[in-house]
> 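Let me begin by handing over the structure; questions about it come next.
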Amino acid sequence: MAKASKPGKVVEPLGKKVSEDSLSPKVPSIEIPHALSVRQLADLLQTSAVDIIKRLMRNGIMANINQVIDYEAAAVVAADFGFEAHLKPWPAERTAGVIGEIKRQQLQGAELSGLKPRPPVVTIMGHVDHGKTRLLDAIRQTNVMATEAGSITQHIGAYQVEVNGQKITFLDTPGHEAFTAMRARGAQVTDITILVVAADDGVMPQTLEAIDHARAAGVPIVVAINKIDKPNANPELVKQQLADAGLLIEGWGGDIVCVLVSAKEKQGISELLENLLVVAEMENLKANPSRPAVGVVIEAELDKTKGPLATVLVHTGSLRLGDTVVVGSTWGRVKAMFNDMGKRLRKAEPATPVEILGLNSMPQVGDTLIVVATEREARALIQERQLEMQQQPSRLPKSVSLNNLFDQISAGQVKELNIILKTDVQGTVEPIRSSLERLGMEEVRVRIIHSGSGNITESDVMLASASKGLIISFGCGTEAGARRLADVEGVDIRYYDVIYSLVEDVDKALKGMLEPSYVEVIDGRAEVRAVFSSGKTGRISGVYVIEGKVGRGASVRVWRQEQVVGQSVVSSLRRFKDDAKEVTVGYECGVGIKDFDDFQVGDILEFFRTEKAG
């Protein structure tokens, strides 16, 4: 708005210009979260929700009073009302993973008064039919039968046993795939892994995979050689096979605890439990039971009569009856809690698994649970998380790739390059492994966390995702499910058929010399519904956005009956009579394309951009 001139004039100091900003009143600033409802924005700007809705409509956004909008849209509205918007940072506890929160507390150690020893959380892994389930049953029954009479019913996929007055928590997970899938989501819930190996069958492919997954997680391994009651049992051969796989047990020059057991005959169970407590003591596991609870969902189901049920493992703090909790993208108030025996609890302390009742909808396995003070805070956090999930592919960093490796090394984010190596034949693994491991530098070392022959599987992709690693394929393919999962998780898969090229690419990536590769990203598509004359500029298309979004200045190609008839950039973008910066799916707009006006009704406009891979 123009201002009336004032008598006199401003005298500028020599060599210094007085800016208009210094003469104008300071614009008030305001912090806006990543997402909020229209009503919340109106309260924040101290205006009516109707005025907010009108402003949003002018910007091509149709929203009601309860609809959640993102920061960018809210910042534009705030500017219209004379505010300078700033993005409100995520609270540290909300963005940190569960295990990150626990490690942060343990690192602070003595600085945090209230840290107390907690029970270890144990997962059992191993090859199929080697006795994992029977061992779990034997542990549970042996322990409970010592204290209670009658049969035992396991209500939830986790339970606690007590040994010499100390508790141990067991997770009943279906093998290393589930273990790694949860870890990939930031829910590293396991403190110790029991590796079950059958004495009559020995080390098998899934045994080796389980070892690699446990090592990649940095979790201590306790070996249980099962089925020693069988006549053809050969524990010494199993120990030799484990040594060949790089797992050196006590007595064979290593420090891995090994216990001989028979789940069928209930032999060696007490010794196994006692050894778990020894390993747990060495790990120095602690948590603060006095603070509000933080935990992770390990199982979820929808009960016909009770509604959503979630089995939660409390990591730190204490979960109490009546607490308001946020779990992933849902929330609720804890109406009831049950332990693995179906007994009602009023409080669950660290490392305690409980089934909770009272959530509004069913959460996902691996979701983080946190206790919040009020329902209002819970709703606000859910809205933020919903937007975070929508923006996750673009906002969260992907796993390491050869293209971004040097940048991450330079930024100090990568100290190890974790590689999953898959080859067409087993004989090729060792030469490639030794060649790659020699490439390590002072800043980063190359670590082959898993290797094998055969096609790349979903298990390989989950391990790469959880370990922030990449997959190298030599002469082998990728299963369809694994390929889709790699796209979702952002895992880099590299294919080679010449060892020299493979080693050279990794070497160049470590030194920052690898030529970047580029990929095309489709941002949106629109269908031409009408064609209009636009004076001197020729003709423009009236389109309906059928997918994604269209932005001014975006690259665009025109498809007509599966043929590209033109390619250029968007020169103009209008909603009604107003210029627009961006139009999203479900809206109509006018699109002008530089040096192209031969539009026909039915044409498809494809909007794209080219970006550096990785």
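As the structure is a computational prediction, the values presented were derived from the model and not from experiment.
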> Could you walk me through whether Val222 and Ile256 pass side-chain contact (heavy atoms from CB on, under 4.5 Å), step by step?
CA-CA 6 Å; Val222 173; Ile256 302 294; over 6 Å; no
> At their closest point, which heavy atom of Ile228 faces which heavy atom of Pro235, and how far apart are they?
CG2-CG, 4.4 Å
> Applying side-chain contact (heavy atoms from CB on, under 4.5 Å), run through Ile472 and Tyr496 and close with a yes or a no.
CA-CA 8 Å; Ile472 289 181; Tyr496 296 93; 4.1 Å; yes
> Could you measure the distance from the NE2 atom of His450 to the NZ atom of Lys422? Nearest 0.5 Å is fine.
5.0 Å
> Would you say the side chain of Leu359 lies within less than 4.5 Å of the side chain of Val325, judging by non-hydrogen atoms?
yes
> To check you understand the geometry: which heavy-atom pair defines the closest contact between Ala224 and Leu135, and what is its length?
CB-CD2, 4.3 Å
> Which value, rounded to the nearest 0.5 Å, describes the distance between Leu277 atom CG and Ile168 atom CD1?
4.0 Å
> Taking only residues two or more places apart in sequence or in another chain, which ones pass salt bridge (charged side-chain N to carboxylate O under 4.0 Å, His left out) with Glu281?
none
> Who are the side-chain contact (heavy atoms from CB on, under 4.5 Å) partners of Val326, not counting sequence neighbours?
Trp331, Ile370, Val372, Ala378, Leu381, Ile382, Arg385
> Nearest 0.5 Å, what's the CG-CD1 distance between Leu195 and Ile225?
9.5 Å
> Under the salt bridge (charged side-chain N to carboxylate O under 4.0 Å, His left out) test, which residues partner Arg447, sequence neighbours left out?
Glu416
> Looking only at the side chains, is there a donor atom on one of Ser262 and Gln267 sitting less than 3.5 Å from an acceptor on the other?
no
> Could you tell me which residues satisfy side-chain hydrogen bond (donor to acceptor under 3.5 Å, both in side chains) with Lys347, sequence neighbours excluded, listed by chain and number?
Glu349
> Who passes salt bridge (charged side-chain N to carboxylate O under 4.0 Å, His left out) against Arg433, sequence neighbours left out?
Glu430, Glu437
> Per the side chain to side chain contact (heavy atoms under 4.5 Å, CB included) rule, which among Thr457, Ile420, Asn418 passes with Leu463?
Ile420
> Rounded at 0.5 Å granularity, tell me how far CZ in Phe474 sits from CZ in Arg494.
16.0 Å
> Check whether any side-chain heavy atom of Thr316 sits under 4.5 Å from a side-chain heavy atom of Arg291, and report yes or no.
yes
> Only pairs at least two apart or in different chains count here, so list each salt bridge (Lys or Arg N to Asp or Glu O under 4.0 Å) that has a residue in residues 236-248.
Glu236-Lys239
> Provide the closest heavy-atom pair for Val238 versus Gly202 in the form atom of the first, atom of the second, distance.
CG2-CA, 4.0 Å
> Sequence neighbours left out, what pairs pass salt bridge (Lys or Arg N to Asp or Glu O under 4.0 Å) with at least one residue falling in residues 448-457?
none
> With rounding to the nearest 0.5 Å, note down the distance linking OG1 in Thr169 to CG in Asp191.
9.0 Å
> Does a side-chain heavy-atom distance below 4.5 Å link Thr478 with Asn455?
no
> Do Pro289 and Lys116 have side-chain heavy atoms sitting under 4.5 Å apart?
yes
> What distance do Thr330 atom OG1 and Met362 atom CE have between them, rounded to the nearest 0.5 Å?
10.5 Å
> Got a sec, which residues hit side-chain hydrogen bond (donor to acceptor under 3.5 Å, both in side chains) with Thr428, two or more places apart in sequence or on another chain?
none
> Could you tell me whether the side chain of Val121 reaches within less than 4.5 Å of the side chain of Leu171, counting heavy atoms only?
yes
> Does Thr190 reach the side chain of Val122, with side-chain heavy atoms less than 4.5 Å apart?
no
> Please list, chain by chain and in numerical order, all residues satisfying side-chain hydrogen bond (donor to acceptor under 3.5 Å, both in side chains) with Asn234, sequence neighbours excluded.
none
> Is atom CZ of Arg483 surrounded by more than 12 heavy atoms (other residues, nucleotides or ligands) closer than 6.0 Å?
yes
> Ala210 and Gly126: which non-hydrogen atoms are nearest, and at how many Å?
CB-N, 4.3 Å
> Do Thr207 and Met204 come within less than 4.5 Å of each other through their side chains, counting heavy atoms only?
yes
> Can you name the nearest heavy-atom pair linking Pro363 to Ala310, along with the distance?
CG-CB, 3.9 Å
> The criterion is side-chain hydrogen bond (donor to acceptor under 3.5 Å, both in side chains); which residues satisfy it with Asp201, sequence neighbours excluded?
His130
> Sequence neighbours excluded, which residues qualify as salt bridge (charged side-chain N to carboxylate O under 4.0 Å, His left out) partners of Lys306?
none
> Where is the tightest heavy-atom contact between Val261 and Gly268, given as atom of each residue plus distance?
CG1-O, 3.6 Å
> Hey, are the side chains of Lys167 and Thr352 touching, using non-hydrogen atoms and a 4.5 Å cut-off?
no
> Report the relative orientation of the aromatic rings in Tyr159 and Phe170; use parallel for angles under 30°, tilted for 30 to 60°, perpendicular for over 60°.
parallel
> Who passes side-chain contact (heavy atoms from CB on, under 4.5 Å) against Arg346, sequence neighbours left out?
Leu321
